[in-house]
Amino acid sequence: MKFIHISDIHLVAQDGPLNGSFPSERFKKCLDDITKWHADAEFCVISGDLSEFAEKEAYQLLKNRVQDFPIPIFLMIGNHDNRDVFQTVFSDYPRDQNNFVQTSFETSGGIFLFLDTKKQGDNVHDGELCEKRLAWLKMQLINAGTKKTYLFMHHPPFEIGIPYMDKIRLFGAEQFLSTLSYGENIHHIFFGHVHRITF
């Protein structure tokens, strides 16, 4: 099975610049490349930091770019995002019963779970999975049974050896790992958040 994983696109309103480049231009080239060479993928996921400043205009730009994308695309929330602002633009986007941007997707290759690790509050960059989100995850894992299961999340649930990134990883990782014990066939955990600017 084939899928595409993108992360940390950091879009800016009005196609604006960021750190010497134009994220919207790079994102368009990325989508064009996927459409040309990888349109046979079952889905695409963007695992958080959809915007840099959580501007409504940036989310509208994102919506305009992905509306004609030829394969299913899943959007996740990162530390630079604002859940409420995102949901004003993507008002019909899947969410759980507590309004977190979490959903599941079943394919011939297994079940994919997309988690919302955005910590509440403005200008907060570390991640969390509160009791409500962990309860949702627990039920998804139980319902998956022995089917292959894959998790996507923005924040890594462990230290990676880069001090300033380790300060803003997912906290409460012990509770997360405990919840994973309800999964019978977890194959892989994907995350974003850790990236470098290149030109």
Side-chain angles (χ1 to χ4, degrees), residues 1-10 42-51 54 72-84 86-87 93-196:
M1 189 193 64
K2 178 180 182 178
F3 61 87
I4 307 295
H5 180 196
I6 305 170
S7 194
D8 294 85
I9 57 176
H10 291 267
E42 290 206 36
F43 69 89
C44 176
V45 55
I46 306 176
S47 57
D49 281 358
L50 306 173
S51 66
I73 189 164
F74 293 92
L75 306 175
M76 297 173 58
I77 297 295
N79 51 291
H80 278 263
D81 293 306
N82 181 295
R83 189 179 297 110
D84 294 334
F86 170 84
Q87 290 174 335
Y93 195 77
R95 63 192 75 180
D96 69 13
Q97 65 269 29
N98 295 300
N99 217 37
F100 293 109
V101 184
Q102 302 196 132
T103 191
S104 65
F105 182 60
E106 185 168 359
T107 74
S108 58
I111 295 177
F112 292 80
L113 304 178
F114 306 102
L115 307 182
D116 181 342
T117 62
K118 166 70 178 176
K119 190 173 185 178
Q120 303 285 45
D122 296 325
N123 200 34
V124 176
H125 293 288
D126 52 317
E128 69 174 3
L129 284 169
C130 61
E131 290 184 6
K132 292 179 179 178
R133 282 174 277 184
L134 288 174
W136 180 88
L137 173 59
K138 174 182 174 181
M139 288 308 303
Q140 299 302 315
L141 293 173
I142 291 172
N143 292 338
T146 59
K147 296 177 182 177
K148 291 181 180 179
T149 308
Y150 303 84
L151 281 67
F152 281 86
M153 54 203 301
H154 183 70
H155 296 82
F158 46 78
E159 293 186 352
I160 63 168
I162 301 175
Y164 83 93
M165 293 302 300
D166 289 339
K167 292 178 181 178
I168 55 173
R169 69 186 189 279
L170 179 80
F171 284 86
E174 296 80 7
Q175 291 83 354
F176 169 67
L177 293 174
S178 177
T179 303
L180 294 187
S181 66
Y182 291 93
E184 296 183 45
N185 198 6
I186 297 173
H187 270 241
H188 202 83
I189 300 174
F190 301 86
F191 57 86
H193 194 46
V194 182
H195 57 90
R196 291 289 182 271

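Reckoned from all heavy atoms, side chains included, excluding hydrogens, waters and symmetry mates.
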Could you pull out the closest heavy-atom pair between [X] and [Y], with the gap in Å?
{"X": "Ser7", "Y": "Gly192", "result": "OG-CA, 3.2 Å"}
{"X": "Thr103", "Y": "Pro94", "result": "OG1-CB, 3.6 Å"}
{"X": "Gly161", "Y": "Pro163", "result": "O-CD, 3.6 Å"}
{"X": "Ile111", "Y": "Leu113", "result": "CG2-CD2, 3.8 Å"}

Is there side-chain contact between [X] and [Y], with at least one heavy-atom pair below 4.5 Å?
{"X": "Phe191", "Y": "Met153", "answer": "yes"}
{"X": "Tyr150", "Y": "Thr107", "answer": "no"}
{"X": "Ile77", "Y": "Phe100", "answer": "no"}
{"X": "Phe74", "Y": "Met76", "answer": "no"}
{"X": "Lys148", "Y": "Met1", "answer": "no"}
{"X": "Leu137", "Y": "Arg133", "answer": "no"}
{"X": "Leu170", "Y": "Phe176", "answer": "yes"}
{"X": "His125", "Y": "Lys119", "answer": "no"}

Once the angle between the rings of [X] and [Y] is folded into 0 to 90°, is it parallel (under 30°), tilted (30 to 60°) or perpendicular (over 60°)?
{"X": "Phe114", "Y": "Phe43", "answer": "perpendicular"}
{"X": "His193", "Y": "His155", "answer": "tilted"}
{"X": "Phe152", "Y": "Phe190", "answer": "parallel"}

Can you tell me how far apart [atom1] ([X]) and [atom2] ([Y]) are? Round to the nearest 0.5 Å.
{"X": "Ile162", "Y": "Ile160", "atom1": "CD1", "atom2": "CD1", "value": "4.0 Å"}
{"X": "Thr179", "Y": "Leu129", "atom1": "OG1", "atom2": "CG", "value": "8.0 Å"}
{"X": "Ile186", "Y": "Leu141", "atom1": "CD1", "atom2": "CG", "value": "5.0 Å"}
{"X": "Leu115", "Y": "Leu134", "atom1": "CG", "atom2": "CG", "value": "9.0 Å"}
{"X": "Ile46", "Y": "Ile6", "atom1": "CD1", "atom2": "CD1", "value": "5.0 Å"}
{"X": "Asp166", "Y": "Asp126", "atom1": "CG", "atom2": "CG", "value": "12.0 Å"}

With no hydrogens and no angle check, is any side-chain donor or acceptor of [X] less than 3.5 Å from a backbone partner on [Y]?
{"X": "Tyr93", "Y": "Leu75", "value": "yes"}
{"X": "Ser178", "Y": "Glu174", "value": "no"}
{"X": "Gln87", "Y": "Asn99", "value": "yes"}
{"X": "Asp8", "Y": "Asp49", "value": "no"}

ask   = Quick one: do the Thr149 and Gln140 side chains pair a donor with an acceptor below 3.5 Å?
value = no

task = Among Arg83, His154, Arg95, Gln102, find the residue that satisfies the side-chain hydrogen bond (donor to acceptor under 3.5 Å, both in side chains) test when tested with Asp116.
result = Arg83

request  = Please step through salt bridge (Lys or Arg N to Asp or Glu O under 4.0 Å) for the pair Asp81 and Lys118, ending with a clear verdict.
outcome  = CA-CA 8 Å; Asp81 293 306; Lys118 166 70 178 176; over 6 Å; no

Tyr182, OH atom: more than 12 neighbouring heavy atoms under 6.0 Å = no

query = Does Glu131 CD have over 12 foreign heavy atoms under 6.0 Å away?
reply = no

